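For reference, the structure discussed in these notes is given below.
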Amino acid sequence: MFELIRRDGLARICKLDTKHGVLETPALLPVVNPRFQTIRPRELYETFGFKAIITNSYIIKNDDKMRPDALAKGLHEMLDYPGTIMTDSGTFQSHMYGEVEVKNDEIVNFQREVGSDIGTVLDIFTEPEWGYEKTSEAVDVTLERTREAASLKGEMMLAGVVQGSIYPDLRERCATELRGIDADVHPIGGIVPLMENYRYADLVDVIIASKKGLPPNRPVHLFGAGHPMLFSLAVLLGCDMFDSASYAKFARDDRYMTIERTMHLADMKGLDCDCPACVGRSIDQLKAMKPAERADLIARHNLYISKMEMDRVKRALLEGNLWELAEQRCRSHPALLDGLRRLKEHQDFMERTEPLSRDGAIFYTGPETMNRPVMHRVAKRLKERYTAPRTDVMVVFEGGEKPYSWHRADDIKAILDVADSHFYVMSEFGPVPIELDEMYPIAQSLFPSIQDRDMVDRVREQMEDLAHTHQYGLSCMYDGESTAEMLASLSKGKGKFDIDMARVRAVADYQFGKGAADALFSGKVELVKSKNTEKIRNVIVDGEHVVSMRAEDGFFTLRPPGARRLLKTFPSPRLRAVVSDDSVPFNREGKNVMCGFIIDTDEGLRPSDEVIIVDKNDDLVAIGRIILTKYEAEFFKKGLAIKTREGIKGPVTSA
Ligand code: GUN
Ligand code: ZN
């Protein structure tokens, strides 16, 4: 079973049940070479804290001493390792050395017989230089072998590998067909040559194409990815497992890993690592060591640094700043930067799992930040969902301190005294209606005050776009106090623009969809504000508390009267999760909605969106925040799907 614990977009923290413990992902599995164990498996478990390793069943099976030993004792005893053991099948040997002398059924049976926790199919390693036809046939053979492996796996979990080389449609087809096969983990294979040649943009395409097809309720393993420089980007794209042979291989020829790159020891002028292997040593000491001892030390260092980076990635995921970390890490190598830049092509796909908001602000790290799915969403929703208040005049402020409306309050008042105006801010997001200035990520983002060329050009383009499309009779850039004087001479008197009402209406349509503002706020509207901050807290309509506005992200929390209004306006399943009858009584009590109890949801809902929980008759049951998208909820069997905030007691019925 694979359970989602926390997520940020495609990135996730999950728990995978195995026969030898629960593996928390994202996880790095060190490769243990059964022939020369650079670091003993027991030490990997106890000292380093690796709860899973990967080893090669093909090597063991082909070795006349190890084979009987493994069959007699089982892998765990043979390797003296109490955690989860994954085994590979020999496919990689075929990539390295040509043909392998083993059949799929033999190697799958062998892995099961020696007690592997996760065994791997004998997939066909699709090489990047192969043509389309050959690759397509290899995908078919791999799928056929995976079906066979699934029928032989018994109690063992099965890794069904996605192949398809650099052809996105073949990757997606392979992944989609794997959905229907009873496998448990999905490695993305055939990528080692891409990584060796620093083809990270291609790697990004391969990962995304695979993710599109794979079932979201099974972990994704990036086969052969063991360099820490890649972890943050790969986790961001939804990879859960990694394996590293490099830590030991590199060490044997004096290659020392850092988070940014790999260094040759000979080129290093100093040592700045305080991992348990390096602490207290100088570079000269390291260089003077006997080769075997030095290789041992570097292997340990490489592993510590990899472990540290994986832990760093996990922390970033939990704290809501994995994007920033990945953006920073991708600057350590131009080829990685290509990988980051390629994400622009996948904005639509990534937007589907992009949360409504996250803790903490977005930090601009460079022009690539503007390609984040959240930025794409802002532009799209402003275009599709926003309706500007009807005024004669549009006044555009240059950016400045946030929240804009607060810092511009006096200027706004002066203009409204003389002209019927509405206001935009020329922000890094392009022209933003001023009433949206507290909403994520407009308020919750930090940009450098010295703008780069990309930013200047983009904002100018968007401003021109607005200049050509707006419906106002008159528009101008704010130019100090003279603006009010100029408008006084041209305009027809006082403005009625009410920023508070504009704010609640604009946020409602942005958050729930066009028409939500009309649904929620028709009637006599009363706004309750915070005494300390003067921010809107509650919206009362005809005496009913319909929504509250959150200070953190500027979005609404729904209250039952608000939910009822939305239910009346939007047809099912819009904004809803329809839950099964056996879930209803629990959700009415305020209990969370678990995976497997959802009949239908709105596919427009995004993680951490407000969701209206209803029964099959469309009666209001509860209100919560959704964790899984509609697509994901169809797959996951275990764990939380919706965090319920408020249960609604049903009508009292006699038994
Ligand atoms: N190790 C690295 N790449 C691969 C792959 O494509 N398939 C298998 N089975 N193992 C690998
Ligand atoms: Zn070190």
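Counting starts at 1 for both ligands and their atoms, in listed order. Note that the structure is a prediction, hence the values are computed from the model and not measured. All values below come from the heavy atoms of this structure, side chains included, with hydrogens, waters and symmetry mates left out.
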In plain terms, say whether [X] and [Y] are close enough for a salt bridge, that is, a side-chain N and a carboxylate O under 4.0 Å apart.
X	Y	result
Asp311	Arg315	no
Lys134	Glu129	no
Lys103	Glu148	no
Arg255	Asp253	yes
Asp205	Arg342	yes
Arg606	Glu351	yes

Check your understanding: Do the ring centers of Phe92 and His95 come within less than 6.0 Å of each other?
Key -> yes
Review point. Which ligand 1 atoms, with their elements, are less than 4.0 angstrom from a heavy-atom of Gly190?
Key: 5 (C), 6 (O)
Point to revise | Subset of ligand 1 atoms that lie under 4.0 Å from at least one heavy atom of Ser89 | key: 9 (N)
Point to revise | Within less than 2.8 Å of the Zn ion (ligand 2): protein N, O or S atom count | key: 4
Practice item. Compute the minimum heavy-atom distance from Gln163 to ligand 1 and say whether it is under 4.0 Å. Key: yes
Review point. Below 3.5 angstrom, do we get any N/O pair linking Gly189 and ligand 1?
Key: no
Review point. Any N or O of Thr120 that comes nearer than 3.5 Å to an N or O of ligand 1?
Key: no
Review point. Which one holds for Pro187 and ligand 1: side chain close, backbone close, both close, or neither close, with close meaning a heavy atom under 4.0 Å?
Key: neither
Check your understanding: Where's the contact between Asp243 and ligand 1, heavy-atom distance under 4.0 Å: side chain, backbone, both or neither?
Key -> neither
Can you report which non-hydrogen protein atom sits closest to [atom], along with the distance?
atom	result
atom 7 (N) of ligand 1	Asp123 OD2, 2.8 Å
atom 8 (C) of ligand 1	Phe223 CE1, 3.4 Å
atom 11 (C) of ligand 1	Asp88 OD2, 3.4 Å
atom 3 (N) of ligand 1	Phe125 CE1, 3.4 Å
atom 2 (C) of ligand 1	Phe92 CD1, 3.3 Å

Exercise for review: State whether Tyr45 and Lys51 meet the cation-pi test: NZ (Lys) or CZ (Arg) under 6.0 Å from the six-membered ring centroid, and within 45° of the perpendicular axis.
Suggested key: yes
Point to revise | Arg341 and Glu368: CA distance, side-chain angles, deciding distance, salt bridge (Lys or Arg N to Asp or Glu O under 4.0 Å) verdict | key: CA-CA 6 Å; Arg341 289 184 174 172; Glu368 295 78 15; 2.6 Å; yes
Point to revise | Partners meeting salt bridge (Lys or Arg N to Asp or Glu O under 4.0 Å) with Arg67 (sequence neighbours left out) | key: Asp64
Exercise for review: Determine which pairs satisfy salt bridge (Lys or Arg N to Asp or Glu O under 4.0 Å) with at least one residue from residues 172-200, sequence neighbours left out, and list them in order.
Suggested key: Asp140-Arg173, Arg147-Glu177, Lys153-Asp182, Lys153-Asp184, Arg173-Glu177, Arg199-Asp202
Exercise for review: Would you list the pairs meeting ring-ring contact (aromatic ring centres under 6.0 Å, His included) in which at least one residue belongs to residues 126-146, sequence neighbours left out?
Suggested key: Tyr132-Tyr167
